[in-house]
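Structure first, commentary second.
Both counts, for ligands and for their atoms, begin at 1 and track the order of listing.
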Amino acid sequence: MRSKVVTIDRHIIDQERKNPGATGRFSLLLYDIALAAKIISREVNMAGLIDVLGRTGEVNVQGEEVQKLDAFAQEAMVKAMDHAGHLCCMVSEECEDIIPIPEKFDMGPYVLLFDPLDGSSNINVNVSIGTIFSVLHRTTPRGRPGTIDDCLQPGYRQLAAGYVIYGSSTMLVYTTGITSGVHGFTLDPSIGEFLLSHRDIRIPDPPAKVYSVNEAYYGLWSEEQQRLVDHLRGLDGKGNGGFKSRYIGSLVSDFHRTLLQGGIFMYPPDERAPKGKLRILYEASPLALVCEAAGGRASDGFRNILNLIPRGLHDRTPVFLGSKSLVGLAEKYLIGDL
Ligand code: AHM
Ligand code: MG
């Protein structure tokens with residue numbers, strides 16, 4: 001007998017019913033994110049044809065200029081999200097300042113933070129890329145435009161977070177909080193719907209013995225970080241090791257594999273980048289919430305990423321995400337306990 005088909009819309013409504021005080025507005029916000037994801041997915045899938053159909057500067061069939069994909073994704077997110085009255089402002093990796101909601105639209109209670117197309121340098125070589133998103137409740141009074149204070153909140157206050165991976169299939173993975181579980185939906189392009197394919201994802205522990213880090217920076221790392229990776233590689237002379245290394249260089253892809261198979265993903269600080277490369281608000285925090293909600297651990301090497309208080313919209317943090325046991329091992333090395 002076939003199991004029942006659950007669309008993302010249906011799943012969001014079912015989740016909302018568990019919360020008697022819910023107004024439905026939050027669910028509508030999640031639908032809009034899923035809609036933006038479908039629009040971006042369609043365009044990403046066409047990327048290989050852009051050389052055939054024309055690059056930036058060309059004009060498409062609607063008479064619009066053909067854009068680079070990251071600019072397209074940015075605009076798709078803003079256009080899908082700015083007018084429905086759910087948001088008071090947005091933050092994107094693509095914009096220096098907060099993105100205001102135009103005055104002609106209603107001002108809502110939520111803030112959306114996103115990286116529209118992370119890893120976009122991989123597009124030309126057909127490597128999977130992704131959109132990352134996070135939703136916060138505003139802290140300033142309602143009815144007025146959102147401010148930077150609404151955005152600079154620690155990750156534990158996120159109401160929802162997730163990502164979309166544009167891979168061999170397109171998947172949307174999200175959580176509405178540490179105790180709400182992590183659910184994955186695969187886009188069926190023939191009907192244009194995200195269907196529940198991965199219910200209640202738990203990050204395996206004991207995990208697959210896999211670590212993920214850009215080892216080209218080994219010489220720029222702290223001694224503690226070098227010793228941690230020596231352990232994983234079995235070079236510490238203590239009989240450790242036995243790990244495989246996997247690094248795509250596309251955060252959503254590396255994280256997605258780590259979430260499903262277990263292991264550890266790291267973007268540590270180095271001499272060149274003393275706070276690492278990844279941004280707190282729209283890269284580290286949302287993936288940290290997904291990781292913790294799946295029973296994993298998210299650390300900056302010393303403390304939970306969800307407790308970090310960002311001072312600026314584009315602040316960075318070192319990132320260690322994955323199975324509890326391996327992130328715990330990393331922390332032990334980094335604080336000098338091993
Ligand atoms: P981006 O936000 O400019 O796309 O950069 C983020 C990407 C991540 O997807 C990936 O984890 C990281 O940069 C890879 O960086 P590196 O090439 O230094 O390993
Ligand atoms: Mg990015």
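Using a 30° and 60° split on the angle between ring planes, Y163 and H256 fall in the perpendicular class, above 60°. Ring-plane geometry between Y267 and Y217 is classed as tilted, the angle between the planes lying from 30 to 60 degrees on a 0 to 90 degree scale.
Applying the 4.0 Å criterion to heavy atoms of S250 picks out, from ligand 1, the atoms 9 (O). Those atoms of ligand 1 that come under 4.0 Å of a heavy atom in G119, given as number and element, are 4 (O), 9 (O). Shown in contact with R279 at under 4.0 Å from a heavy atom are these atoms of ligand 1, numbered in order with element: 2 (O). Listed by atom number, the atoms of ligand 1 under 4.0 Å from E283 heavy atoms are 2 (O). Near G249, meaning under 4.0 Å from any of its heavy atoms, are these atoms of ligand 1: 9 (O), 10 (C), 14 (C).
In terms of polar-atom proximity, defined here as any N/O pair under 3.5 Å, Y217 does make such a contact with ligand 1.
Proximity of L251 to ligand 1, defined as any heavy-atom pair under 4.0 Å, is shared by backbone and side chain alike.
Residues L87 and I98 do not share a hydrophobic cluster, defined by chaining ILVMFWY side chains whose heavy atoms lie under 4.5 Å apart.
Here the heavy atom of the protein found nearest to atom 6 (C) of ligand 1 is D118 OD1, 3.4 Å. Protein heavy atom at the shortest distance from atom 14 (C) of ligand 1 is Y247 OH, 3.3 Å.
The nearest N/O/S atom of D115 to the Mg ion (ligand 2) is OD2. E283 has its closest N, O or S atom to the Mg ion (ligand 2) at the position named OE2.
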Give the intermediate values and the outcome of side chain to side chain donor-acceptor pair (under 3.5 Å) for residues S92 and Q74.
CA-CA 8 Å; S92 163; Q74 166 69 18; 2.6 Å; yes
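Which of K277, E94, E93 comes nearest to atom 12 (C) of ligand 1 through a heavy atom is settled by distance: it is K277.
Of the angles at the Mg ion (ligand 2), the one spanning OE1 of E93 and OD1 of D118 is 160° when given to 10°.
Remark: K18 does not engage D14 in a salt bridge, criterion side-chain N to carboxylate O under 4.0 Å. Salt-bridge annotation for D70 and K68: absent, with no side-chain N of the basic residue lying under 4.0 Å from a carboxylate O of the acidic one.
Without hydrogens or angle criteria, R227 side chain to L338 main chain gives a donor-acceptor distance under 3.5 Å. E93 places no side-chain N or O within 3.5 Å of a backbone atom of P116 that could act as its donor or acceptor partner. S253 places a side-chain N or O within donor-acceptor distance of the main-chain N or O of S128, the cut-off being under 3.5 Å.
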